[in-house]
Each structure stands twice: as structure tokens, then as C-alpha cells.
Amino acid sequence: MTFITRYTPAPGEQALLKHIDGAGKVDGSIVIALPIDRWSASDKVNSFEGGGLTFWDGKDQCTSRPLETHYDTRSGDLAFIDRAVWHQADPITKGTRWALVIFYKVLKSF
């Protein structure tokens with residue numbers, strides 16, 4: 001399954017909070033940060049603030065809690081996310097952020 005998602009500062013559209021993908025029906029996902037609209041208005045008007053991706057994977061050696069890693073994604077950035085990794089699309093506070101999401105399943109051929 002493939003789709004484009006949009007995040008805005010509007011309530012309910014700001015983020016996709018901590019989750020894992022596919023509930024066992026996919027092997028992972030690919031998230032591609034899409035460019036902002038540079039044609040309808042200036043970069044300043046159409047750019048976004050906030051956003052990015054946060055992952056919880058592995059363990060912090062000092063606290064034994066899941067290791068939290070934040071990536072400030074920009075246009076063209078690509079993330080491959082395993083099905084077992086907790087992650088979220090972080091909230092934006094201004095503008096509109098677009099992403100292409102691809103869920104994939106690895107098929108064994110014999």
C-alpha cells in the first residue's frame with residue numbers, strides 16, 4: 001500500500017504519534033519527505049516548522065529505557081522503518097508537510 005500524507009498545524013493533523021506499522025501485515029515502511037510547494041507562494045509562506053521523525057529502538061545503556069532518536073527530515077530524505085520499530089511523525093507548528101509512505105512485504109520465492 002502506498003499513500004501521500006499531509007500534516008498541518010490543525011488539530012488532529014499535526015502528527016502521527018508513536019506507533020508501529022502494519023500490525024504484522026507488513027515487513028516495514030519507507031517514508032519519503034516530499035518537497036514543499038514552491039509554485040503557489042514563496043518558500044517562506046509554504047515552508048513548515050517542526051516535524052521530523054522520532055524512533056524508539058535499542059536500549060539506553062544507562063537507563064535501560066528505549067533509545068529515542070530524532071531526525072529533522074527535509075525534502076528528499078528517506079527513512080526505511082522496520083515493522084518492529086516504534087516511531088512517530090513529530091508535530092508541526094506552521095505550514096504543511098507532505099510525505100510519501102510505502103508499506104512493503106518481503107515475499108520468499110522458492
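For this chain, numbers begin at 1 and follow the sequence in order.
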When rounded to the nearest 0.5 angstrom, what is the spacing between [atom1] in [X] and [atom2] in [Y]?
X   : Y   : atom1 : atom2 : value
W56 : K18 : CH2   : NZ    : 5.5 Å
E13 : T8  : CD    : OG1   : 3.5 Å
E49 : T93 : CD    : OG1   : 5.0 Å
L34 : T96 : CG    : OG1   : 12.5 Å
D60 : L67 : CG    : CG    : 6.0 Å
I32 : S29 : CD1   : OG    : 11.0 Å

Practice item. Consider only side-chain heavy atoms of I, L, V, M, F, W and Y, link residues closer than 4.5 Å, and tell whether V31 and Y71 are in one cluster. Key: yes
Review point. Does L53 belong to the same Ile/Leu/Val/Met/Phe/Trp/Tyr cluster as L17, with side-chain heavy atoms less than 4.5 Å apart forming each link?
Key: no
Would you name the heavy atoms of [X] and [Y] that are closest together and state the gap between them?
X   : Y   : value
P35 : S75 : CA-OG, 2.9 Å
T73 : G52 : OG1-CA, 3.5 Å
R97 : G51 : NE-CA, 4.1 Å
P9  : G95 : CD-O, 3.0 Å

Show which side-chain atoms of residues 102-110 pair as donor or acceptor with protein atoms under 3.5 Å away, not counting sequence neighbours.
none

Are side-chain heavy atoms of [X] and [Y] found at a separation under 4.5 Å?
X    : Y    : result
I81  : F55  : yes
I4   : W98  : yes
I30  : V101 : no
L100 : T2   : yes

Practice item. List the steps, then state whether side chain to side chain contact (heavy atoms under 4.5 Å, CB included) holds for T54 with E68. Key: CA-CA 7 Å; T54 298; E68 182 176 308; 3.6 Å; yes
**Study point:** Salt bridge present between D21 and R83 (N-O < 4.0 angstrom)
**Key:**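 A salt bridge is absent here (no side-chain N lies under 4.0 Å from a carboxylate O).
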**Study point:** Residue pair D57 / H87, side-chain donor-acceptor N/O under 3.5 Å
**Key:** no
Point to revise | D72 versus H70, side-chain donor and acceptor atoms under 3.5 Å | key: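 Judged by distance alone, the side chains do not pair up.
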Check your understanding: Does the separation of the ring centres of Y7 and F48 fall below 6.0 angstrom?
Key ->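 That pair fails the under 6.0 Å test.
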